[in-house]
Amino acid sequence: MAQPIKVTSKIRLSNFKPDYRAGMSKEEAREQTTKLCFRIAELQQLLYANSNHSLIILLQGMDTSGKDGAGKRVLEFVPPSGVETTSFKVPSSEELAHDYLWRAHKAVPRYGHFGVFNRSYYEDVLVVRVMDLVPKPVWKARYEQINSFEKLLSDNNYIVLKFFLHISKEEQAARLRARIEDPTKNWKFEESDLEMRKHWDDFQEAYEDAINKCSTNYAPWHIIPADHKWFRDYAIAGVVVDALQKLKMKWPKPKIDLSKVKIK
Ligand code: AMP
Ligand code: MG
C-alpha cells in the first residue's frame with residue numbers, strides 16, 4: 001500500500017515504514033532525483049529574481065537520520081549564495097538568555113533565498129521534553145506557540161516545509177557502527193548519540209506528538225522514509241519542487257521600457 005509523505009491527519013509513527021521505497025529501485029530513484037534537483041535550482045533562480053517569497057526546509061530526525069546528507073543532495077545544483085543554512089545546536093548562553101524562538105527567527109532567510117534548518121525550534125519540544133530540560137507545562141505550551149510562529153511566517157510569504165527523517169533503530173545501529181569503523185566517519189561519532197539512543201521510544205513519542213500537534217495546512221510535516229538514502233532524497237526533492245511550482249513564478253517584468261534603452 002502506498003505510504004503518504006505529507007501529514008494531513010492524525011498519525012501513528014508505527015504505521016510508517018522507514019524502509020518504504022514506493023516500489024522504486026535505487027537507480028530509478030537516483031535518476032529522478034537528479035532531474036528534480038535541476039528543477040529545484042531553476043526554481044530557486046526564479047525565487048531570487050522575484051525576491052518576494054522564501055522557502056524554509058526544516059530537517060528533523062534522530063542522529064544519523066541523514067539531515068546533512070539530504071540537504072547536500074537536494075540542493076546540489078543551487079548556488080551557495082542562494083542558501084542560508086543554520087544548524088541548531090545546544091543553545092549558547094546568549095540564546096538561553098532569550099525566548100526559544102529568538103534564534104530561529106534570526107535564522108529565517110531573506111526573501112529570494114532558501115533557508116535550511118538542520119534541527120530547529122522543534123528541539124524545544126523534543127530533546128527538551130525527553131531529557132526533562134524544562135518543566136512539562138513549559139514545553140506543553142510550545143506547540144501552540146510554534147503554530148503561531150509558523151502562521152506568522154506563512155502569512156509573510158515563507159513556505160515552511162518540515163521533514164521528519166524516519167529511520168529504524170536497526171538502521172541507526174548500522175550507521176553508528178560505520179562511524180566507529182570507517183576512519184572517514186570517525187569524526188561524526190559522539191558519545192551523546194548513544195545516550196540519546198537509550199531514549200529511542202521516548203523520542204519517537206515526542207516526534208509523533210510534535211507532528212500531530214504542528215502539522216498545519218500552512219506548515220505541513222512530511223514523514224520521509226529514510227532507511228534508504230536514495231529514497232529519502234527523492235521524496236524530499238519531490239516535495240520541494242511541488243511547493244515551489246505552486247507559486248507559479250514568472251520572470252519579473254522590466255521596471256522601465258527596455259525598447260527605449262540604447263547601449264552605445
Ligand atoms: P548535531 O546535530 O549532531 O550537531 O547535535 C546537536 C545537538 O544539539 C543535538 O544533540 C541536539 O539535541 C542538541 N540541541 C539542539 N537544540 C537544542 C535545544 N534547544 N536544547 C537542548 N539541546 C539542543
Ligand atoms: Mg551528531
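Each ligand, and each atom within it, is numbered from 1 in the order the structure gives.
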Notebook entry, point to check: Between R103 and ligand 1, which residue portion shows a heavy-atom distance shorter than 4.0 Å: side chain, backbone, both, or neither?
Noted result: side chain
Check: Heavy-atom contacts under 4.0 Å between K67 and ligand 1: side chain, backbone, both, or neither?
Finding: neither
Next item on the list: Kindly write out the residues that satisfy side chain to side chain donor-acceptor pair (under 3.5 Å) with T216, not counting sequence neighbours, or none if the list is empty.
Entry: none
Margin query: Distance alone, cut at 3.5 Å: any donor-acceptor contact between the side chains of E150 and Y121?
Written below: yes
Item checked: F149 ring center near H105 ring center (under 6.0 Å) -> yes
Check: For ligand 1, does P91 get within less than 4.0 Å through its side chain, its backbone, both, or neither, judged by non-hydrogen atoms?
Finding: side chain
Margin query: Which of the numbered atoms in ligand 1 are under 4.0 angstrom from any heavy atom belonging to D124?
Written below: 19 (N)
Check: Charged N to carboxylate O below 4.0 Å: is that the case for R30 and E27?
Finding: no
Check: Do ligand 1 and K89 have nitrogen or oxygen atoms that lie under 3.5 Å from each other?
Finding: yes
Check: Just heavy atoms, cut-off under 4.0 Å: does V127 contact ligand 1 by side chain, backbone, both, or neither?
Finding: side chain
Checklist line | Top protein contact for atom 11 (C) of ligand 1, by heavy-atom distance | finding: E123 OE1, 3.7 Å
Next item on the list: Report the nearest protein non-hydrogen atom to atom 6 (C) of ligand 1: residue, atom name, distance rounded to 0.1 Å.
Entry: R119 NE, 3.7 Å
Next item on the list: Tell me whether the guanidinium CZ or amine NZ of K106 lies under 6.0 angstrom from the six-membered ring centre of W102 and within 45° of its axis.
Entry: yes
Check: Tell me: protein heavy atom nearest atom 8 (O) of ligand 1, and distance?
Finding: V90 N, 3.2 Å
Notebook entry, point to check: Any idea which part of V128 is under 4.0 Å from ligand 1, heavy-atom wise: side chain, backbone, both or neither?
Noted result: side chain
Check: With no hydrogens and no angle check, do the side chains of Y100 and E95 hold a donor and an acceptor under 3.5 Å apart?
Finding: no
Note to self: As a quick check of understanding, evaluate ring-ring contact (aromatic ring centres under 6.0 Å, His included) for Y122 and Y207, giving each step before the final call.
What the structure shows: CA-CA 9 Å; Y122 278 95; Y207 268 110; 8.7 Å; no
